[in-house]
Amino acid sequence: MQIKLSEENKDFFQRVYEVVRLIPKGRVTNYGAIAKYLGTARSSRMVGWAMNAAHSLPDVPAHRVVNRIGLLSGAGHFSTPTQMQELLEKEGIEVKENQIINFKEHFWDPQVALRID
DNA sequence: CCATTGACTTAAG
DNA sequence: CCTTAAGCCAATG
């Protein structure tokens with residue numbers, strides 16, 4: 001009999017969803033940070049693909065995930081091109097020209113936030 | 001089955 | 001920050 005594996009055994013997409021669900025309201029992160037937290041730092045494209053597939057999921061706040069410079073690269077994939085910005089502004093994040101203002105202060109790093117000392 | 005694409009990132013210049 | 005190059009891998013043609 002073997003030990004039940006933990007989250008390591010889940011699919012990559014599944015793990016991405018878990019992390020994205022943990023993003024606090026009013027915070028954002030980027031694809032690379034998620035990928036890095038999952039141990040696949042260079043598979044950031046897959047995180048994007050996971051978001052694309054996340055549309056069917058009820059509680060995956062894909063609007064809180066942007067690219068590394070705080071640009072709303074996923075905006076065009078929402079129902080309306082402004083949906084993503086609207087959601088972010090609603091959470092207290094200022095967005096201008098598809099770019100998050102003061103991105104660094106809103107940034108949420110799973111590797112730091114979810115680490116256990 | 002091979003080629004291209006894509007909600008990306010990092011490194012080097 | 002910009003450009004170029006390379007890495008990554010599922011999905012699509």
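Being a predicted model, the structure only gives us computed values, none of them experimental. Letters go in sequence order (proteins before strands), and every chain restarts at 1.
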Please determine, for the side chain of [X], which listed nucleotide ([options]) has the closest atom?
| X | options | answer |
| --- | --- | --- |
| W49(A) | dA7(B), dG6(B), dT9(B) | dG6(B) |
| S43(A) | dA10(C), dC9(C), dA7(B) | dC9(C) |
| M51(A) | dT10(B), dC9(C), dA7(B) | dA7(B) |
| S44(A) | dC1(C), dT9(B), dC8(C) | dT9(B) |
| H55(A) | dT9(B), dA7(B), dC1(C) | dA7(B) |
| R42(A) | dC1(C), dA7(B), dC8(C) | dC8(C) |

* Using a strict cut-off of less than 4.0 Å between a Lys/Arg side-chain nitrogen and an Asp/Glu carboxylate oxygen, indicate whether E91(A) and R64(A) qualify as a salt bridge. =>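 Between R64(A) and E91(A) there is a salt bridge, with a charged N closer than 4.0 Å to a carboxylate O.
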
Atom pair distance, as rounded to whole Å: [atom1] in [X] and [atom2] in [N]:
| X | N | atom1 | atom2 | answer |
| --- | --- | --- | --- | --- |
| R68(A) | dA11(B) | CZ | P | 10 Å |
| L72(A) | dA7(B) | CG | P | 14 Å |
| M46(A) | dG6(B) | CE | C1' | 8 Å |
| Q14(A) | dA10(C) | CD | P | 16 Å |
| Y17(A) | dA10(C) | OH | P | 13 Å |
| R15(A) | dA10(C) | CZ | P | 13 Å |
| N67(A) | dT9(B) | CG | C1' | 10 Å |

* To do: Kindly indicate whether the side chain of H63(A) and the base of dA7(B) share any N or O donor-acceptor pair separated by less than 3.5 Å?
  =>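 By the distance-only test, no, there is no pair.
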
* Asked: Do any of residues 73-92 of chain A sit with a heavy atom less than 4.0 Å from DNA chain B, and if so which?
  ->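 Those residues whose heavy atoms fall under 4.0 Å from DNA chain B, taken from residues 73-92 of chain A in numerical order, are S73(A), G74(A), H77(A), F78(A).
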
* To do: Would you mind classifying the nucleic acid contact of A62(A) as base, sugar-phosphate or nothing, using non-hydrogen atoms under 4.0 angstrom?
  =>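 Base, at least one base atom sits under 4.0 Å.
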
* Between Q85(A) and E89(A), does any side-chain donor sit less than 3.5 Å from a side-chain acceptor? ->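 Judged by distance alone, the side chains do pair up.
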
